Amino acid sequence: MTDPVGKLPSELDQLPDRDPEETAEWAASLDAVTQAAGPHRAAYLMRRSLQHAEGAGLALPKLLETDYVNSIPTAAEPAFDGDLEMESRITAWNRWNAAAMVTRGARYGVGGHIATFASAAWLYETGFNHFFRGKEGDGSGDQLYIQGHASPGIYARAFLDGRLSEQQLDNFRQEAGGEGLPSYPHPRRLPWLWEFPTVSMGLGPLSAIYQARFNRYLANRNIKDTANSHVWAFLGDGEMDEPESTAALALASREQLDNLTFVINCNLQRLDGPVRANFRVVQELEAQFRGAGWNVVKTLWGNAWDELFQLDTTGALLRRLREVPDAQFQTYATRDVAYIREHFFGAEPALAELAKLLTDAKIGECFYTSRGGHEARKVYAAYKAAVEHKGAPTVILAQTVKGYTLGKGFESKNANHQMKKLSIDEFKGMRELLGLPIPDSAFEDGLVPYGHPGADSPEVRYLQERRAALGGPAPARRVHAVALPQPEERAFKALYKGSGKQEMATTMAFVRLVKDLMRDNETGKRWVPIVPDEARTFGMESLFPSAGIYSPLGQTYDPVDRDQLMYYKEAKDGQILNEGITEAGAMADFIAASTSYATHGETMIPFYIFYSMFGWQRTGDQMWQLADQLGKGFIVGATAGRTTLTGEGLQHADGHSHLIAATNPASLNYDPAFAYEVAVIVKDGLRRMYGPEAENVFYYLTVYNEPKPQPAMPEGVEEGIVKGLYRFKEGTPAKADAPRLQLLASGTAIHWALEAQELLAADWGVTADVWSATSWGELRRDALEADEALLRGEQQVPYVTQALSGAPGPVLAVSDWMRQVPDQISQWVEQDWSSLGTDGFGLSDTRAAARRHFGVDAQSIVVASLAQLARRGEVPASAVKEARERYGL
């Protein structure tokens, strides 16, 4: 709705104007400039006024978008701290070897990407030569999130400085023999080089933000001084389409993470074509980051453009740059100068006149090669501005040409991401462009050669001297293995003895255990509780006043529940990371904490607790990232199972996370039934992950919100708990020849099995032994290892086979999960096998009704048991029908 003169209502209309006449004079002045000098001049004056006001400290909203020019003018660039000619030669060698490595690998069909590093080479080289701190200096060094598709360039640099050999380069993407190089940054595959896996796009930027945040967390808790650690995340402009890429921008600005820099390589291309064909991705990203509170540095144009901007006295060039869409600008980079004169400069008379002052060579230089991301001085100025900026994170938007220096067959072509090799003639052209001393004779075998100036060459000495001054090689991963002492036994014993008549859910048992472990004098401070805004759901509010919720600002308000015992306490040195409603953010927290033993040389023990339905299903890709980064800790799926969370229904009912978790080789998955099992598993997990022979694994535990009396731990069951199976309660035969069977149950299902055991004995004269299957996954892992041993000629019997050996009768497995979860071990069970589970979608109802619906309650177990025995002829077939009728099934 507008007023009578058509003016849109504004928030300013709500504010009192103490001098309307003065306001009208300002508006009239603006109108006069518009009429006399045109709207572009008026807009320029307005923006100059806003800039002046900001510099004067006036509180005004900032513009979200600036002109399509560099943020740092050429005249304002700092002096370049290095030998530019030498660095150009180093970069040339790295460009060559990156392309050669991928091209040589194409003989074996293993693929690789050339064009990404070709566009981003100076973005990396400038950082390596001047900014990225290594781990051999003070502190932890910088954390580098390398763009996955740029990995050939990083390998090429490691080859130049002597960290990789020609043979290793020739084994790019050929890892089976043990001497190969992984396709992308994979710490699990090349743990001395890579720190962070990044090629699952979107996870790199998200993780970088939480890594920078975790650096501050360590410092604020006085665990590690991380003041000299800077996080650099190298991203593609296409990658920014991933929701995770921008999911935590507000967190970074809210917590003033000026220890973080995003470097976005804006080559305007993604995998199939332009990132924003009909729009301008640089301007879109600038507005997005500015709106989120980031410092934005645009590095778009090289020095060749300076002359054009100086000649643009009317602003026509700036207007044209603002309106040309990215796909058209990409076309300019591939067409002749005549086309550019007609279609770019011919758009308006002022531009046509400007073009008459330019030679074809100058236009070609500007539109084919001169980008800010291809000039070391421009990149250096941007990086220096980023590290010196305080109070907010910085994003650098660097414009480049995808496939730069690879020749006209590659540069700016839509298909260049999928192009895996150059011809010999194209390499010779590249050699001339880069000025490399590689003779024609080096190509005689039909292969492109690797190039190296020599181990004692000026280039290599310069490279190594620069790295030495910055704290050693980078990227690099270093592990300082320091085993943590085992916590005192007191915390575990509290759960070993059970709860007596008091009912307790296993979720509460876990939280109680960790609360006690956090009091341990040696390791208590190393626990990192992580929760996505459901702490009260999981009974964690008791941790609020004692451990505190981490906030870099502390608590700047008087909490509404301050007079209560378990009030909401935030603290600068708080231990709990309460992330709000973001499972992805909580997982990123977990990854940063779980790998701190390598990143910072400080071992932390994270536990991340969440609705089990919203873990593996929602953030499963991050679980793989965790495994690849060799993370350790406890992931806890609370309110587990498909029937225990009453009333919530389908979207909250998890019956399959153990199935997804079973696909991850680094995840040790447990479904404990009792509090003492939780204690034994956590204790063993601390030993395996943080003891003298620490393993690169993590634990997934499912715990339940169903209160039950917790029994005391029977003697001698610890081994069975850890390995995945033990007999919890042996049945007592009513007579010697009574039919018998084995009931295997995990998690809360053991209570149904115990009730069924009683019904079978009382109503049908059937004896059942009840087994607690704490881990179907670990039973399967052990059995698979036994199978592998047989292939080596070694005799090894799976633990599950040994445990059930000689147990009379058939086996019936039951759980609150899909039948596929227990069915993982069926082939190694010598007895007749059948299972019950909660296949299908969840539903809202009482626990009893849901269990009857899925056919897993005690009565259903009885009927299924009788059916198994009837098939064997051990009970009459009529017993099955009679039981169904008796129990109303």
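Please read these numbers as outputs of a predicted model, since none were measured by experiment.
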Task: Full working for salt bridge (Lys or Arg N to Asp or Glu O under 4.0 Å) between D258 and R216 - done: CA-CA 10 Å; D258 49 25; R216 292 280 172 84; 2.5 Å; yes
Centre-to-centre under 6.0 Å for [X] and [Y], is that the case here?
X: W305; Y: F367; answer: yes
X: Y145; Y: F234; answer: no
X: W194; Y: Y155; answer: yes
X: W301; Y: F329; answer: yes
X: F590; Y: Y210; answer: no
X: F262; Y: W294; answer: yes
X: F159; Y: W93; answer: no

What distance separates [X] [atom1] from [Y] [atom2], expressed to the nearest 0.5 Å?
X: S183; Y: F172; atom1: OG; atom2: CZ; value: 6.5 Å
X: S594; Y: M587; atom1: OG; atom2: CE; value: 7.5 Å
X: L436; Y: R95; atom1: CG; atom2: CZ; value: 11.0 Å
X: E459; Y: S88; atom1: CD; atom2: OG; value: 11.0 Å
X: E444; Y: I424; atom1: CD; atom2: CD1; value: 11.5 Å
X: D360; Y: E365; atom1: CG; atom2: CD; value: 13.0 Å

Scan side-chain atoms only and decide if [X] and [Y] contain a donor-acceptor pair under the 3.5 Å cut-off.
X: N265; Y: S119; result: yes
X: Q283; Y: K298; result: yes
X: N259; Y: H230; result: no
X: D326; Y: Q330; result: no
X: K224; Y: S140; result: yes
X: Y450; Y: D170; result: yes
X: N295; Y: T394; result: yes
X: N97; Y: H452; result: no
X: K632; Y: T595; result: no
X: S207; Y: Q625; result: yes
X: S229; Y: N215; result: no

Where is the tightest heavy-atom contact between [X] and [Y], given as atom of each residue plus distance?
X: F128; Y: A474; value: CE2-O, 3.3 Å
X: A106; Y: K421; value: CB-CD, 4.0 Å
X: M430; Y: A99; value: CE-CB, 4.3 Å
X: I209; Y: L257; value: O-CD1, 3.7 Å
X: G454; Y: V460; value: O-CG2, 3.3 Å

Those residues that, when tested against [X], pass ring-ring contact (aromatic ring centres under 6.0 Å, His included) (two or more places apart):
X: H149; result: H113, Y184, H417
X: Y597; result: none
X: F80; result: H130, Y380

Look at [X] together with [Y] and state whether they make a salt bridge at an N to O cut-off of under 4.0 Å.
X: E77; Y: R377; answer: no
X: R89; Y: E85; answer: yes
X: R461; Y: D456; answer: yes
X: D440; Y: R431; answer: yes

Taking the side chain as C-beta and beyond, is there a heavy-atom pair between [X] and [Y] under 4.5 Å?
X: R104; Y: V448; result: yes
X: F214; Y: I591; result: no
X: Y368; Y: V401; result: no
X: L144; Y: E195; result: no
X: E375; Y: N303; result: yes
X: K408; Y: E426; result: no
X: S245; Y: L235; result: no
X: Q168; Y: N171; result: no

Could you list the residues that satisfy salt bridge (Lys or Arg N to Asp or Glu O under 4.0 Å) with [X], not counting sequence neighbours?
X: D241; value: R270, R276
X: D272; value: none
X: E388; value: K384

TODO: Go through the steps to decide whether Y68 and Q399 satisfy the test side chain to side chain donor-acceptor pair (under 3.5 Å), and finish with yes or no.
DONE: CA-CA 11 Å; Y68 206 72; Q399 188 159 281; 2.7 Å; yes
- [ ] For W96 and P449, indicate whether the former's side chain and the latter's backbone hold a donor-acceptor pair under 3.5 Å.
- [x]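 Judged by distance alone, yes, a pair lies under 3.5 Å.
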Open item on the list: For the backbone of G373 and the side chain of T299, can you confirm whether one donor and one acceptor N or O come within less than 3.5 Å of each other?
Closed with: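 Judged by distance alone, no pair lies under 3.5 Å.
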